[in-house]
Amino acid sequence: MGPPFHITMLFILSLLSLLSDPVFLTPIQNDAVFHYINDQQNEYIQRLKNWVAIESDSSDPSKRDQVNQMMEITKDYILNIGGEVEMAKIGEQEYSPGVKLPLPPVILAQIGNDKDKPTVCFYGHMDVQPAKKDDGWKTEPYTLQETNGNLFGRGTSDDKGQVLALLHAVESVKKFGLPVNVKLVIEGMEEVGSQGLEKLVEDKKDTFFSDVDYIVVTDTPWLSTKPGITYGARGNCYFMLEVEGAKRDLHSGGFGGTVYEAMSDLIYLLGQLVDVKGKILIPGVYDDVVPLTEQEKELYKNLEFSLDDMQADTGVKQLLHDTKAKILMHRWRYPSLSIHGIEGAFSGSGTKTVIPAKVIAKFSIRQVPNMNPSLIEKQVTDYLENKFSERNSPNKMKVSMVIGAQPWIADMNGPLYVAARNAVTKVFNTDADMIRAGGTIPIAKRFEEILGKPVMLLGIGGSDDAPHGQNEKISKYNYIEGTKLYASFLQEIPLV
Ligand code: MN
Ligand code: MN
């Protein structure tokens with residue numbers, strides 16, 4: 001008996017690809033790529049198992065060797081599939097005063113270098129969040145375990161599984177002739193703020209990145225079980241609001257009724273920020289928010305999202321809005337204000353009768369296009385200063401904005417997005433959910449600003465993967481079909 005038909009086909013097609021250098025694969029070749037991916041499933045899972053086994057926790061300096069080892073293994077695999085790799089040094093990290101540790105190198109890799117083909121640069125990371133069985137894991141976090149179609153283990157979804165799916169896709173398509181040049185930026189410090197990465201991108205702007213046409217981040221989940229493409233993220237302006245009264249903490253028995261209390265002032269001010277329906281009360285905050293168009297409204301209709309699941313997941317009695325569209329719009333395309341905590345306030349159990357001398361509240365405003373952080377800073381400061389002066393308290397009040405991260409939004413009708421949507425339709429036979437992140441994705445904004453090229457987030461994580469939590473997983477379905485998604489996407493990228 002000879003080899004199975006598709007293996008024979010694969011062999012013939014591989015020979016053909018040596019003769020010609022196809023820019024786009026034919027449908028038969030695309031099928032052959034998918035067959036090949038199906039045949040490699042066990043190997044893909046085994047490789048993920050090997051990668052998960054390395055405890056590349058970037059937050060723990062004692063595990064830095066494992067992070068470095070992870071970068072080496074990734075490099076070896078990229079070399080193995082025919083890439084060229086530079087391990088870019090990015091300096092040191094001072095993790096406690098006077099104690100320095102070299103940062104893990106960033107992988108800058110290239111597969112294919114044909115001037116006539118577009119170049120797409122993918123970003124991902126090999127470090128993970130901390131994980132211990134004691135945290136409440138059902139299985140050993142660094143031992144990949146397959147249960148009911150899910151692959152459990154730290155990093156399976158964030159981000160080893162997603163990067164591996166991409167690398168496997170590149171390897172599979174390459175057998176038939178890659179229609180694009182692939183570049184890779186893979187770092188080992190993402191979970192602790194990507195130290196050194198921004199500078200590296202700036203330094204390599206005119207060298208490694210000079211011919212990059214598109215940037216794709218492979219580090220993001222879908223909204224549901226339906227494939228999602230992320231085209232925007234909110235920014236964040238984080239504020240500290242300080243009120244200082246006495247020079248030391250006082251006792252309410254001795255001083256209650258005799259002094260202006262800092263905490264009362266602070267609570268009053270916090271109460272002026274947002275109403276019960278979540279509306280921000282600071283004048284001008286909504287002025288620059290991009291108006292909602294009918295076309296955008298349409299987008300929200302087909303998104304797969306359950307308010308019941310959200311309510312069950314959070315355990316809240318009622319959500320602020322009663323439709324899927326309104327909830328998602330308020331998560332993605334409208335600003336929100338949240339109060340996070342009060343430093344210096346008594347927060348222990350029991351009944352301490354203290355009058356805190358100085359208290360600092362922390363609150364933040366999630367930014368959306370086209371809000372401007374420095375304008376928001378002024379609006380917030382003016383408003384709180386007015387409110388405070390109206391109150392006529394002799395205490396000292398100070399507002400400062402400590403983070404001013406801008407929102408990010410891409411043109412979802414641009415060629416990069418069309419390619420991804422076509423790929424989703426081919427692999428999953430459905431339209432992609434066009435989604436945004438309610439949180440901040442600084443890397444997307446920075447890549448766009450530094451390189452001036454379109455950025456897209458095309459991930460394959462499930463909405464319930466618990467990337468930073470206990471029992472992180474990726475489903476086998478997402479992992480394998482996600483590999484096909486990347487394989488298909490590589491063939492849809494248009495010439496520039
Ligand atoms: Mn990640
Ligand atoms: Mn993460």
Undergrad: Hey, is CG on D431 packed in by over 12 heavy atoms from elsewhere, all under 6.0 Å?
TA: no
Undergrad: P407: what forms a side-chain contact (heavy atoms from CB on, under 4.5 Å) with it, not counting sequence neighbours?
TA: Q367, P369
Undergrad: Could you work out, with salt bridge (Lys or Arg N to Asp or Glu O under 4.0 Å) as the rule, every residue matching E43, not counting sequence neighbours?
TA: R47
Undergrad: For E86, which residues count as a salt bridge (Lys or Arg N to Asp or Glu O under 4.0 Å) partner, sequence neighbours excluded?
TA: K204
Undergrad: Between OG of S338 and CZ of R366, what distance do you get to the nearest 0.5 Å?
TA: 7.5 Å
Undergrad: Closest heavy-atom contact between N302 and K324?
TA: C-NZ, 4.3 Å
Undergrad: Within the structure provided, determine whether I376 and M371 are in side-chain contact (heavy-atom separation under 4.5 Å).
TA: yes
Undergrad: Between the side chains of K132 and E55, is the shortest nitrogen-to-carboxylate-oxygen separation below 4.0 Å, so that they form an ion pair?
TA: no
Undergrad: Under a 3.5 Å cutoff, is there a donor and acceptor pairing between the side chains of Q46 and N50?
TA: yes
Undergrad: Check side-chain contact (heavy atoms from CB on, under 4.5 Å) between T225 and all other residues, then give those that pass, not counting sequence neighbours.
TA: E304
Undergrad: Can E187 and Y123 be said to form a side-chain hydrogen bond (donor to acceptor under 3.5 Å, both in side chains), step by step?
TA: CA-CA 8 Å; E187 66 161 321; Y123 162 86; 2.5 Å; yes
Undergrad: Which residues satisfy the salt bridge (Lys or Arg N to Asp or Glu O under 4.0 Å) test with D65, sequence neighbours excluded?
TA: none
Undergrad: Do the side chains of K183 and D211 get nearer than 4.5 Å, heavy atoms only?
TA: yes
Undergrad: To the nearest 0.5 Å, how far apart are CZ in R154 and CG in D57?
TA: 8.5 Å
Undergrad: According to side-chain contact (heavy atoms from CB on, under 4.5 Å), who are the partners of Y477, at least two apart in sequence or on a separate chain?
TA: F428, S475, E481
Undergrad: Quick one: salt bridge (Lys or Arg N to Asp or Glu O under 4.0 Å) pairs with a partner in residues 70-83, sequence neighbours left out?
TA: E72-K75
Undergrad: Would you say Q162's side chain and I460's backbone share a donor-acceptor pair under 3.5 angstrom?
TA: yes
Undergrad: Are the side chains of V182 and K174 in touch, meaning some heavy atoms are under 4.5 Å apart?
TA: no
Undergrad: Can you list the residues that meet the ring-ring contact (aromatic ring centres under 6.0 Å, His included) rule with W332, with sequence neighbours excluded?
TA: Y300
Undergrad: Rounded to the nearest 0.5 Å, how far does NZ of K160 lie from NE2 of H125?
TA: 10.5 Å
Undergrad: Please verify the inter-ring angle class for W51 with Y77; under 30° counts as parallel, over 60° as perpendicular, anything in between as tilted.
TA: perpendicular
Undergrad: Regarding K205 and E202, does a basic nitrogen lie under 4.0 Å from an acidic carboxylate oxygen?
TA: no
Undergrad: With Y142, which residues qualify under ring-ring contact (aromatic ring centres under 6.0 Å, His included), at least two apart?
TA: none
Undergrad: Tell me every residue that passes salt bridge (Lys or Arg N to Asp or Glu O under 4.0 Å) with D219, counting only those two or more places apart in sequence or in another chain.
TA: none
Undergrad: What distance do K453 atom NZ and I215 atom CD1 have between them, rounded to the nearest 0.5 Å?
TA: 8.0 Å
Undergrad: When you measure from the side chain of Q110 to the backbone N and O of G112, does any donor-acceptor pair fall under 3.5 Å?
TA: yes
Undergrad: Regarding K473 and D464, does a basic nitrogen lie under 4.0 Å from an acidic carboxylate oxygen?
TA: yes
Undergrad: Please tell me if the side chains of R64 and P104 come closer than 4.5 Å, counting only heavy atoms from C-beta onward.
TA: yes
Undergrad: If I take atom OG1 from residue T156 and atom CD1 from residue I474, how far apart are they, to the nearest 0.5 angstrom?
TA: 6.5 Å
Undergrad: Checking F239 now: which residues fulfil ring-ring contact (aromatic ring centres under 6.0 Å, His included) with it, not counting sequence neighbours?
TA: F363
Undergrad: Taking the side chain as every heavy atom from C-beta outward, state whether M189 and V106 have any atom pair closer than 4.5 Å.
TA: no
Undergrad: What residues, two or more places apart in sequence or in another chain, satisfy ring-ring contact (aromatic ring centres under 6.0 Å, His included) together with Y334?
TA: H330
Undergrad: Determine, for K301 against E298, whether the closest basic-nitrogen to carboxylate-oxygen distance falls under 4.0 angstrom.
TA: yes
Undergrad: Is the backbone N or O of G98 less than 3.5 Å from a side-chain atom of E94, with the two atoms forming a donor-acceptor pair by type?
TA: yes
Undergrad: Is the closest side-chain heavy-atom distance between L108 and L200 below 4.5 Å?
TA: yes
Undergrad: Which value, rounded to the nearest 0.5 Å, describes the distance between T220 atom OG1 and M456 atom CE?
TA: 11.0 Å
